Amino acid sequence: MEQRMETILFASLRSAIRGDKLTDAECACFLEEQLPSLFAIAKKHDVLHLLFVALKQNGLLREEYPEAEKALFSAMFRYEQLDYEYRELCEAFEAAEIPFVPLKGSILRAYYPEAWMRTSCDVDVLVRRDDLERAIAYLVQKLKYKETERGTHDVSLFSTTGGHVELHFDLVEEEYAQNAIDVLRAVWEDVTPCENRRYQCKMSDAFFYFYHIAHMAKHFENGGSGIRSFIDLWILEGLEGADAQKRDALLEKGGLLTFASHARRLCRMWFEGEEHDALLLQMQRFLLHGGVYGTSDSRVALRQKKRGGKFGYLISRIFIPFAKLKRYYPILEKHPWLMPAMQVRRWFMLFKPDVAKMARAELAANRTMSQKTADKMATFLDDVGLGQRQ
């Protein structure tokens with residue numbers, strides 16, 4: 001039953017993106033009684049709008065489905081809203097004379113047949129670390145943005161219309177995605193100015209491809225990566241003129257070539273009908289279970305592997321290293337003696353309901369997880385190429 005549902009799900013996503021028809025064999029996998037489950041998993045991965053488009057264009061829906069129609073119109077509305085915020089942001093940085101690099105969905109949606117097909121929740125932009133405070137001040141003072149939270153590699157801001165902007169000053173955290181930081185820290189040496197722009201820059205194809213894989217790997221290590229990022233990868237794989245050797249050279253340097261190879265194979269299994277094997281099926285179960293951002297159980301199991309067990313994981317969550325803490329609190333760059341106070345300040349984040357909820361879920365998973373489950377997840381991480389730094 002599950003196999004039929006997975007077949008029609010991925011065949012439908014392919015059909016929506018390529019605009020081709022489902023085969024008779026694929027249509028035979030469609031069972032109307034499975035629609036609630038099919039819609040639920042597609043919604044969980046934010047691809048319900050694509051599934052709905054494909055089922056409609058293949059004549060498989062005989063009734064009205066308000067939830068799916070709503071997802072389609074929501075995807076279109078979200079795109080228009082984000083596109084407006086994106087263009088406003090680009091003009092703001094040009095006016096402020098701040099070099100910047102658009103990231104993720106802002107670039108990827110240009111490769112989709114229709115821009116609204118590639119959904120996003122926010123606008124991601126990279127600025128130089130030295131320009132970060134000036135960029136924040138400009139957005140707050142000139143455009144009335146509101147700063148809400150600082151992370152280890154980005155700052156969250158909201159516009160007056162509710163648009164979410166993630167202002168990145170680094171592309172990946174040091175503890176994730178193998179040796180990706182060795183490649184990504186050189187991003188400003190790779191970028192070139194966009195045509196007819198003075199301050200807007202773009203990455204080379206190989207560098208952007210590497211960044212996408214590194215971002216997927218980070219989410220994978222956090223317990224899951226959504227179907228959407230694999231659709232992105234599949235589309236990037238099909239771009240004409242892309243230099244596969246340059247892409248793989250960066251992946252090799254960053255220790256991500258093994259992971260990328262398995263991710264590519266999974267794309268081909270999902271969208272091109274390539275034969276599966278045990279590892280691909282395990283990856284599929286892991287990803288479909290996790291949703292866009294993964295699950296607490298998976299996240300904890302993978303982190304236990306990296307931290308040397310339950311106790312190591314617990315200590316790592318209570319006391320984070322200085323290199324990571326100073327990303328949350330840049331004042332530590334000049335005043336490292338404030339580290340104990342900043343550790344305590346970080347603990348006060350637990351008063352935020354969403355942070356507290358996640359912390360409780362992770363601590364419960366850490367306490368109850370069996371050694372067998374943790375070992376199984378550790379082996380899985382090794383098998384996909386994300387176990388040991390290379």
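Count residues from 1 along the sequence. Everything numeric in this text was worked out from a predicted model, so none of it was measured.
Using a 4.0 Å cut-off between charged nitrogen and carboxylate oxygen, R228 and D232 do not count as a salt-bridge pair. Using a 4.0 Å cut-off between a side-chain N of Lys or Arg and a carboxylate O of Asp or Glu, R268 and E237 do not qualify as a salt bridge. In summary, R265 and E275 do not engage in a salt bridge, as defined by a charged side-chain N under 4.0 Å from a carboxylate O. R264 has a carboxylate O that lies under 4.0 Å from a charged side-chain N of D248, or vice versa, which qualifies the two as a salt bridge. Ion pairing of R185 with D182 is present here, as a side-chain N (NZ or NE/NH1/NH2) and a carboxylate O approach within less than 4.0 Å.
Remark: H168 engages H153 in a ring pair (Phe, Tyr, Trp, His ring centres under 6.0 Å) (not counting sequence neighbours). For F93, the ring pair (Phe, Tyr, Trp, His ring centres under 6.0 Å) partners at least two apart in sequence or on another chain are F100. Applying the side chain to side chain contact (heavy atoms under 4.5 Å, CB included) rule to S37 yields the partners M5; only residues at least two apart in sequence or on another chain are considered. Residues that satisfy the side chain to side chain contact (heavy atoms under 4.5 Å, CB included) test with K56, not counting sequence neighbours, are F52, L61.
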Fill in: From CA spacing to verdict: ring pair (Phe, Tyr, Trp, His ring centres under 6.0 Å), F230, F271
CA-CA 10 Å; F230 283 81; F271 308 121; 8.5 Å; no

Practice prompt. Please lay out, stage by stage, how F10 and Q284 fare under the test side-chain contact (heavy atoms from CB on, under 4.5 Å).
Written response: CA-CA 11 Å; F10 295 116; Q284 176 174 279; 3.8 Å; yes

Item to complete: Verify side-chain contact (heavy atoms from CB on, under 4.5 Å) between W270 and E6, making sure each step is shown before the conclusion.
Response: CA-CA 9 Å; W270 280 353; E6 290 158 1; over 6 Å; no

Discussion item. Please determine whether side-chain hydrogen bond (donor to acceptor under 3.5 Å, both in side chains) holds for the pair T161 and E85, giving the CA-CA distance in whole Å, both sets of side-chain angles, and the decisive distance to 0.1 Å.
Written reply: CA-CA 9 Å; T161 59; E85 298 288 353; 2.3 Å; yes

Discussion item. Under the criterion side-chain hydrogen bond (donor to acceptor under 3.5 Å, both in side chains), I'd like the reasoning laid out for H164 against S156: C-alpha separation, chi angles, the key distance, then a yes or no.
Written reply: CA-CA 7 Å; H164 183 205; S156 285; 3.1 Å; yes

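When every heavy atom of M216 is checked against every heavy atom of A263, the shortest pair comes out as CE-CB, 4.3 Å. Shown here for L157 and V155, the closest heavy-atom pair between the two residues is CD1-O, 3.7 Å. Residue Q34 comes nearest to C29 through the heavy atom pair OE1-O, 4.2 Å, listed as atom of the first residue, atom of the second, then distance. The shortest non-hydrogen separation linking Y138 to A92 is CE2-O, 3.5 Å. Across all their heavy atoms, C267 and W234 have their closest contact at SG-N, 3.9 Å. Contact between L51 and L13 at its shortest, heavy atoms only, is N-CD2, 4.2 Å.
Remark: side-chain polar atoms of H49 are paired, donor with acceptor, to backbone N or O of M117 under 3.5 angstrom. In this structure a side-chain-to-backbone donor-acceptor pair under 3.5 Å is missing from Q200 to E94. Without hydrogens or angle criteria, R4 side chain to A28 main chain gives a donor-acceptor distance under 3.5 Å. Of the possible donor and acceptor atoms, one in the side chain of H212 sits under 3.5 Å from a partner among the backbone N and O of S229.
Side-chain contact between S74 and R78: present, with at least one pair of heavy atoms (C-beta onward) separated by less than 4.5 Å. Looking at heavy atoms from C-beta onward, V183 lies out of side-chain contact with Y211 at the 4.5 angstrom threshold. At a threshold of 4.5 Å between non-hydrogen side-chain atoms, the residues L132 and R129 do not count as touching.
The number of heavy atoms from other shown groups lying within 6.0 Å of CZ (R198) does not exceed 12.
Applying the ring pair (Phe, Tyr, Trp, His ring centres under 6.0 Å) definition to pairs two or more places apart or across chains, none involves residues 101-127.
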Distance-only donor-acceptor hits, side chain of residues 15-23, under 3.5 Å, sequence neighbours excluded:
unit_1, atom_1, unit_2, atom_2, d
S15, OG, D20, O, 2.6
S15, OG, Q57, NE2, 3.0
S15, OG, N58, ND2, 3.1
D20, OD2, R14, NE, 3.3
K21, NZ, Q57, O, 2.5
T23, OG1, E26, N, 3.1
T23, OG1, E26, OE1, 3.4

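From L50, atom CG reaches atom CD1 of I227 across 10.0 Å, with rounding to the nearest 0.5 Å. If you take CG on L139 and CZ on R134, they are separated by 11.0 Å, rounding to the nearest 0.5 Å.
Below 30°, between 30° and 60°, or above 60°: for F207 and F210 the angle between ring planes is between 30° and 60°, a tilted geometry.
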